[in-house]
J.: 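Take a look at this one; I'll ask things after.
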2 protein chains.
Amino acid sequence: MTNDAQGTPPAQDRPGYELPLLLFAGFRSIIDQLHAELARQGHPEGRPAHGFAMQAIGRDGATASELGRRLGVSKQAAGKTADRLEVLGYAVRADDPADARRKVIRLTPRGLDVLAKSAAVFDELRAQWAAALGPERLRDLEDDLRVMVPPSGFRLDVAGWFGP
Amino acid sequence: MTNDAQGTPPAQDRPGYELPLLLFAGFRSIIDQLHAELARQGHPEGRPAHGFAMQAIGRDGATASELGRRLGVSKQAAGKTADRLEVLGYAVRADDPADARRKVIRLTPRGLDVLAKSAAVFDELRAQWAAALGPERLRDLEDDLRVMVPPSGFRLDVAGWFGP
DNA sequence: ACTTTTTCGACAACCACGTTGTCTATCCTA
DNA sequence: TAGGATAGACAACGTGGTTGTCGAAAAAGT
C-alpha cells in the first residue's frame, strides 16, 4: 500500500480546485463566443441572462411566475427580466383573455430570431469542440457531466450566488 | 462519405446548447457542495466570490489594484470585495511602510483557514468525481477542457456578464 | 533637483440583478 | 358564497459590478 490510508486524501495527482475553474472557463468561453457571434449577427444587446430567459419562455410564452419557477428565481426577478426583454424588443406582454390575472410574456419575431441564431451558434461551437477533441471524447465529456450534475434543473440565480 | 458535406452542420447527434449548460451545472454543483461543506465547517458566511478573491489574495497579500487585475475586475470592485472580506473577518488591511499609497490586504488566520479547508474540500470533491467516473476519464475531461479554454486567466466579472 | 506622469486608494453616482415583504385583483374550491 | 391560493405590481434593500473624479505619493524625464 502506497498511499491509500484513510488520513489525508491519497495521491491527488491534480489539485481539486482546478476542476471547477476549468468547468467555468469552458462555460464562459462558449457563452462569450456565442454573444460575440450574436452581436455580429445583429443582436449586440443580448446578455446571457436574457438568452436563458428567452429559452425558458420558449415559443409558447410564459407568465412571470412560470418563468421564475423555470429559472429558479423569484417571480419578481423574472418579472424584471421580462421588463428588460420588453425594453430590448425581444418580448411583449399580453393579457390572457381566459385569466385576468395572467399576463403572458411572448417572444417577438426578433426574440425568436435570437433563439434560432443561438441554437445555430451553439451547434457550430459544439462542432468546433468535436473537431478539436474528437466526437467520441466530447460525447464522453458530456456523458460524464450528465452523470455528475444533479438532475434538478439549472438555477440561474447568479446575482447573490445564493444566500441572503 | 455519409455526412461531411460543407453545408449545414452534419448529423448533430446532440444539440449544442446542452454543452454550456452541463459545464455550468457541473461548476455550480461543485461550488454549491463546497459552500455547503464550508458552512458545516464553521464558515457559513462565505460566498463564491469571496473564495475566489481570497485565492487571488493568497498568502502574500495583495493591494486592491493587484487584486482587481488578478480577478479581471476594476480596482474599485476589488476594493469593495476587500471591504467585505474585512467585515467578515477574513482579511485585514495594513499600510505598506515602503509605499505610503499602498494598503496591503492580508488574510487573517480565519481567512487562511477557509483557504485550507476549501482546498481540502475541492480535493475531496474531485475524488468523488474520480470515483464515479474513473480517474482516467476525469483526467481526460480536465485535459479536454484545458485544450478548449483560452489560456487567459479566469475572469470573475459575473455581475453584468460583460457589456455595460 | 525639479517638473511631469503614473499609480494608488477613496468617494460618489449609477446600473443590473437578485432578494423579501406588502398589496390588490382574480380565480378556484369547500 | 366565503375563504384560500395565485398573479402581478410596487417598494425597499443587498451585493457586486461599472464609470468618473480627486488628492497624495512614487517614478520617470528633462
Side-chain angles (χ1 to χ4, degrees), chain A residues 28 35 45-54 56-57 61-88 90-106 154-164, chain B residues 28 35 45-54 56-57 61-88 90-106 154-164:
Chain A
R28 183 64 194 257
H35 283 273
E45 310 287 25
R47 308 281 198 78
H50 305 152
F52 289 115
M54 289 194 280
I57 293 171
T63 68
S65 297
E66 285 165 6
L67 184 55
R69 281 192 290 265
R70 290 179 198 173
L71 256 30
V73 300
S74 67
K75 61 179 181 175
Q76 290 88 338
K80 283 194 192 182
T81 301
D83 290 346
R84 186 131 278 275
L85 289 177
E86 227 170 345
V87 169
L88 294 175
Y90 291 135
V92 287
R93 259 183 256 241
D95 289 343
D96 183 341
D99 188 336
R101 297 170 305 175
R102 288 163 50 93
K103 294 209 175 157
V104 183
I105 304 157
R106 274 179 209 291
F154 305 103
R155 323 203 95 227
L156 259 305
D157 51 341
V158 205
W161 281 100
F162 74 73
Chain B
R28 182 65 193 256
H35 284 274
E45 310 286 25
R47 308 281 199 78
H50 304 153
F52 289 115
M54 289 194 278
I57 293 171
T63 67
S65 296
E66 284 165 6
L67 184 57
R69 281 191 290 267
R70 290 178 198 174
L71 256 30
V73 301
S74 67
K75 60 178 181 176
Q76 289 89 337
K80 281 194 192 182
T81 301
D83 291 345
R84 186 127 276 277
L85 289 178
E86 226 168 346
V87 169
L88 294 175
Y90 291 135
V92 286
R93 258 182 257 240
D95 289 343
D96 183 342
D99 187 336
R101 295 169 306 175
R102 288 163 49 94
K103 294 210 175 155
V104 183
I105 304 158
R106 275 180 208 291
F154 305 105
R155 323 204 93 227
L156 259 304
D157 51 340
V158 206
W161 282 102
F162 75 72

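Below, read A as the first sequence line, B as the second, and so on, with proteins coming before strands; counting in each chain starts at 1.
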J.: Could you pick out which residue, Arg101(A) or Val104(B), lies toward the 5' side of DNA chain C when each is mapped onto its nearest nucleotide?
T.: Val104(B)
J.: Does OP1 or OP2 of dA10(C) have a side-chain N or O of Arg93(B) closer than 4.0 Å?
T.: yes
J.: Side chain of Asp99(A), backbone of Arg101(A): donor and acceptor closer than 3.5 Å?
T.: yes
J.: Between Arg102(A) and Glu66(A), does the salt bridge (Lys or Arg N to Asp or Glu O under 4.0 Å) criterion hold? Intermediate values first, please.
T.: CA-CA 10 Å; Arg102(A) 288 163 50 93; Glu66(A) 285 165 6; 3.1 Å; yes
J.: So, is His50(B) close to the dG16(D) phosphate, meaning a side-chain N or O under 4.0 Å from OP1 or OP2?
T.: yes
J.: Respond yes when some side-chain nitrogen or oxygen of Ser74(B) is under 4.0 Å from OP1 or OP2 of dT18(D), and no when none is.
T.: yes
J.: Counting only side-chain N and O atoms of Arg84(B), is one of them less than 4.0 Å from OP1 or OP2 of dT15(D)?
T.: yes
J.: So, OP1 or OP2 of dA10(C): does either fall under 4.0 Å of a side-chain N or O from Lys80(B)?
T.: no
J.: From C-beta outward on Ala77(B), which listed nucleotide comes closest to its side chain: dA25(D), dG17(D), dG8(D)?
T.: dG17(D)
J.: Between C1' on dT26(C) and CG on Asp95(A), what's the gap in Å once rounded to a whole number?
T.: 13 Å
J.: At what distance, to the nearest 0.5 angstrom, does CZ of Arg47(B) lie from OG1 of Thr81(B)?
T.: 11.5 Å
J.: Just how far is it from atom CZ of Arg84(B) to atom NE2 of His50(B), taken to the nearest 0.5 Å?
T.: 5.5 Å
J.: Take Asp96(A) and Lys103(A), measure what side-chain contact (heavy atoms from CB on, under 4.5 Å) needs, and give me the verdict at the end.
T.: CA-CA 6 Å; Asp96(A) 183 341; Lys103(A) 294 209 175 157; over 6 Å; no
J.: Does dC17(C) have its OP1 or OP2 closer than 4.0 Å to a side-chain nitrogen or oxygen of Arg47(A)?
T.: yes
J.: What nucleic acid atoms does Ala100(A) come within less than 4.0 Å of, heavy atoms only: base, sugar-phosphate, or nothing?
T.: sugar-phosphate
J.: With respect to the phosphate group of dG8(D), does any side-chain polar atom (N or O) of Thr63(A) fall under 4.0 Å of OP1 or OP2?
T.: yes
J.: Rounded to the nearest Å, what distance is computed from the CG atom of residue Asp96(B) to the P atom of nucleotide dG9(C)?
T.: 10 Å
J.: Take the protein atom NZ of Lys103(A) and the nucleotide atom C1' of dT26(C), then report the distance between them rounded to whole Å.
T.: 13 Å
J.: In this structure, how many angstroms lie between the C1' atom of dG8(D) and the CG atom of Leu67(A), rounded?
T.: 13 Å
J.: Tell me which one of Ile57(A), Val92(A), Leu85(A) satisfies side-chain contact (heavy atoms from CB on, under 4.5 Å) with Ile105(A).
T.: Ile57(A)
J.: Both Pro97(A) and Asp99(B) contact DNA chain C. Taking the nearest nucleotide for each, which residue is further toward the 5' end?
T.: Asp99(B)
J.: Should Arg69(A) be listed as having a side-chain N or O under 4.0 Å from OP1 or OP2 of dA7(D)?
T.: yes
J.: Using atom CD of Glu86(A) as one end and atom C1' of dA9(D) as the other, report the distance to the nearest whole Å.
T.: 13 Å
J.: Does Gln76(B) get its side chain close enough to the base of dG20(D), under 3.5 Å, for a donor-acceptor pair?
T.: yes
J.: Contact class for Ala64(B) (heavy atom, under 4.0 Å): base, sugar-phosphate, or nothing?
T.: sugar-phosphate
J.: Determine whether any donor atom in the side chain of Lys75(A) lies under 3.5 Å from an acceptor atom in the base of dG8(D), or the reverse, and answer yes or no.
T.: yes
J.: Measure CG/Asp83(B) against C1'/dA10(C) and give the value in whole Å, please.
T.: 10 Å
